[in-house]
Participant: 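Take a look at the following structure, please.
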Protein chains: 2
Amino acid sequence: MAEIVDISGESSAEPTKTQTLADDVFEQLRTAIVKGELPPGSKINEPQLAAQYGISRGPLREAIRRLEGCKLAEIKANAGARVVSLNDTQAIEIYEIRESLEGLACRLAATRASGDDCARLRALLAQHEQQIRDEDWTQYVQKEGDWDFHYQLVELSGNKRLFNLLCGELYHLLRLFRHQTGSAPSRPEQAFREHHAIVDAIAAGDGELAELLMRRHITGARNTLLDTLADSAAVPSTDSAGEHDEDQSENQIT
Amino acid sequence: MAEIVDISGESSAEPTKTQTLADDVFEQLRTAIVKGELPPGSKINEPQLAAQYGISRGPLREAIRRLEGCKLAEIKANAGARVVSLNDTQAIEIYEIRESLEGLACRLAATRASGDDCARLRALLAQHEQQIRDEDWTQYVQKEGDWDFHYQLVELSGNKRLFNLLCGELYHLLRLFRHQTGSAPSRPEQAFREHHAIVDAIAAGDGELAELLMRRHITGARNTLLDTLADSAAVPSTDSAGEHDEDQSENQIT
DNA sequence: CCAGCTTTAAATGTCAACAATATGGTTGTC
DNA sequence: GACAACCATATTGTTGACATTTAAAGCTGG
């Protein structure tokens, strides 16, 4: 009854018969980072991780380079790699890009989506609504439901590169940031209404409206997040929006 | 008198004292690909390239993984890497994303640009205008002038991630596509006027107008490109918009 | 002459060892 | 006691060799 959309970034066709070791480790590292098991800012120790995954440093280094490509790790020459740590400014930058890009996705989806596509979107929303009634309201946005919706929407745009960009990079970064700050969007009823309005606009073929509504939707989410951050930043006296503090947390997997 | 803006993607501070071998080769490969010396679709032979650059296969493989991160190469397990080859559909997808993102850049620039910034943009345009009068009209858009303008504009947005995304990935892909198709945008006088209008809107602080104008500007460029493609595709009878033709051109650096 | 299999070569994936660089602690001096 | 230079250790960068897989060439039989 869950019906979770694939979030891996690769199109899930077959189980990928022979994957290379670097590919395996890359995926494991990515999920570990996004889940927060490798904390933001923590150092990526090659010998240790190589031993942990039972592979040599060669494939591991290639996996790390691919992490850098997803912007999930930052590499400095002769100094190693660290899990990326987003400050508030960077998070805002990502939200700005996301707002623009998902607006585009809605505009495209409005022109390309078929009746069946819209019906499927509405079914997804209805399913989430049911899930909300059963469980807790706050679970809707906080957990995977919100991502499911945006995933399917971006897929409907028909722009594969847009899909890869949003679902393969930006969403991962936003998840990372949420785990990093421990903040939950939590404005479920409003988000739910906005989702419905967006689908209505797409079903009506009104691309401009769909784009506008999605932009507002994301702007609202961003502002909610910023308010949360401002509140949590008001409690500690110093050291809140600093630069890279070296050695934030050297050991991972607490 | 040229004043070409740095296009490398990295911020050009110092000559980067100790760069790693993989970094060097990565940059050389990237420029080779964008310049067309490594033709789109051509296979990337590890032993050959390693010998050519005088390094081992280890750093070379890391450089290739970073190329994959820039979307300039595609790697298939146990089959090696190939220089990416964009078909018309993919080019359209990139233009759609670029339109949305540069619209965002203009909107942001309108709110953040200072008077000096706008003056600098106008100086750049005036300089290009002079260059156009001296040389040939068609040189303006076709060569680096157009990129210069868009570079500075995106930089003015203040969104570093947006800058990296556009100037570090998408622009490279578009250059690659132009070399691939041999098409030149070539509508210089119109582009020049549109650039001026965009700067005016930014100077007036009108973000919405700047965004709208930039969107139109890019849409026009895209349509011009598509018309060119449609014309050139009408000449050959078969095999024009095909998929990957294996072994398009195995040898590079003709 | 072609189909299909075997063999062969080349390229990719992986590993372990070596070299160079940065980090951390120690020691010595002022 | 503080600062600087030095040494020791660990980590990163790089290399060459080995294993595995793919692709091609060659061969045999129909």
Side-chain angles (χ1 to χ4, degrees), chain A residues 10 14-29 38-39 41-69 72-84 244-252, chain B residues 10 14-29 38-39 41-69 72-84 244-252:
Chain A
E10 279 79 358
E14 71 275 11
T16 314
K17 46 184 78 169
T18 34
Q19 229 177 175
T20 186
L21 274 186
D23 292 337
D24 276 331
V25 173
F26 166 70
E27 291 178 9
Q28 295 189 45
L29 280 178
L38 285 174
S42 62
K43 188 161 187 336
I44 295 178
N45 192 310
E46 291 183 6
Q48 173 191 334
L49 277 182
Q52 185 172 328
Y53 286 104
I55 64 173
S56 179
R57 277 180 52 218
L60 178 66
R61 283 173 69 89
E62 294 180 8
I64 294 175
R65 297 302 130 90
R66 289 184 59 183
L67 285 179
E68 187 194 24
L72 286 175
E74 292 172 343
I75 303 176
K76 277 187 291 187
N78 294 319
R82 304 186 87 94
V83 178
V84 68
H244 293 277
D245 339 53
E246 280 303 309
D247 116 77
Q248 297 188 228
S249 51
E250 292 297 321
N251 299 327
Q252 67 279 19
Chain B
E10 280 79 358
E14 71 274 13
T16 314
K17 45 185 81 170
T18 35
Q19 232 178 172
T20 186
L21 274 186
D23 292 338
D24 276 331
V25 173
F26 165 70
E27 291 179 9
Q28 295 189 46
L29 281 178
L38 284 174
S42 63
K43 189 164 187 335
I44 294 179
N45 191 312
E46 291 183 5
Q48 174 190 335
L49 278 181
Q52 184 172 328
Y53 286 104
I55 63 173
S56 179
R57 276 179 53 218
L60 178 67
R61 283 172 69 88
E62 295 180 8
I64 295 175
R65 293 314 186 274
R66 289 185 59 184
L67 284 179
E68 187 194 25
L72 286 175
E74 292 174 342
I75 304 176
K76 276 187 291 187
N78 293 320
R82 304 186 89 93
V83 178
V84 69
H244 293 276
D245 338 54
E246 281 301 309
D247 118 77
Q248 295 189 229
S249 51
E250 292 297 322
N251 299 327
Q252 69 279 17

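Every chain is numbered from 1, with letters handed out A, B, ... down the list of sequences.
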Participant: Nearest whole angstrom, please: distance from the P of D:dT21 to the CG of A:D23.
Facilitator: 15 Å
Participant: What is the distance, to the nearest angstrom, from the CD atom on A:Q48 to the C1' atom on D:dT9?
Facilitator: 17 Å
Participant: What is the separation between atom CD1 on A:I64 and atom P on D:dT11, rounded to the nearest whole Å?
Facilitator: 13 Å
Participant: Please evaluate residues A:L72 and A:L29 with respect to the criterion side-chain contact (heavy atoms from CB on, under 4.5 Å), reporting the C-alpha separation (whole Å), side-chain torsions for both, the decisive distance (0.1 Å), and the verdict.
Facilitator: CA-CA 10 Å; A:L72 286 175; A:L29 280 178; over 6 Å; no
Participant: Tell me every residue that passes side chain to side chain donor-acceptor pair (under 3.5 Å) with A:R61, counting only those two or more places apart in sequence or in another chain.
Facilitator: A:E46, B:E62
Participant: What integer distance in Å separates A:R65:CZ from C:dG13:C1'?
Facilitator: 17 Å
Participant: Rounding to a whole Å, what distance do you find between A:L49:CG and D:dT11:C1'?
Facilitator: 13 Å
Participant: So, is A:T20 close to the C:dT14 phosphate, meaning a side-chain N or O under 4.0 Å from OP1 or OP2?
Facilitator: yes
Participant: To the nearest angstrom, how far is A:L60 atom CG from D:dG13 atom P?
Facilitator: 12 Å
Participant: Closest approach of A:A50 and A:R57, non-hydrogen atoms and distance?
Facilitator: CB-CG, 4.1 Å
Participant: What is the separation between atom CD1 on A:I55 and atom C1' on D:dA19, rounded to the nearest whole Å?
Facilitator: 16 Å
Participant: Nearest heavy-atom pair of B:A81 and B:I64: which atoms, and what distance?
Facilitator: CB-CG2, 3.8 Å
Participant: Tell me: CG of B:D24 to C1' of D:dG13, nearest whole Å?
Facilitator: 13 Å
Participant: What string of B, S and - do you get for nucleotides 6-12 of chain C 5' to 3' if you count protein non-hydrogen atoms under 4.0 Å?
Facilitator: -----SB
Participant: Quick one: list whatever passes side chain to side chain donor-acceptor pair (under 3.5 Å) with B:N45, sequence neighbours left out.
Facilitator: none
Participant: Would you indicate what B:P59 reaches in the nucleic acid, counting non-hydrogen atoms under 4.0 angstrom: base, sugar-phosphate, or nothing?
Facilitator: base
Participant: Looking at A:R82 and A:G41, would you say the former's side chain and the latter's main chain have a donor-acceptor pair under 3.5 Å?
Facilitator: yes
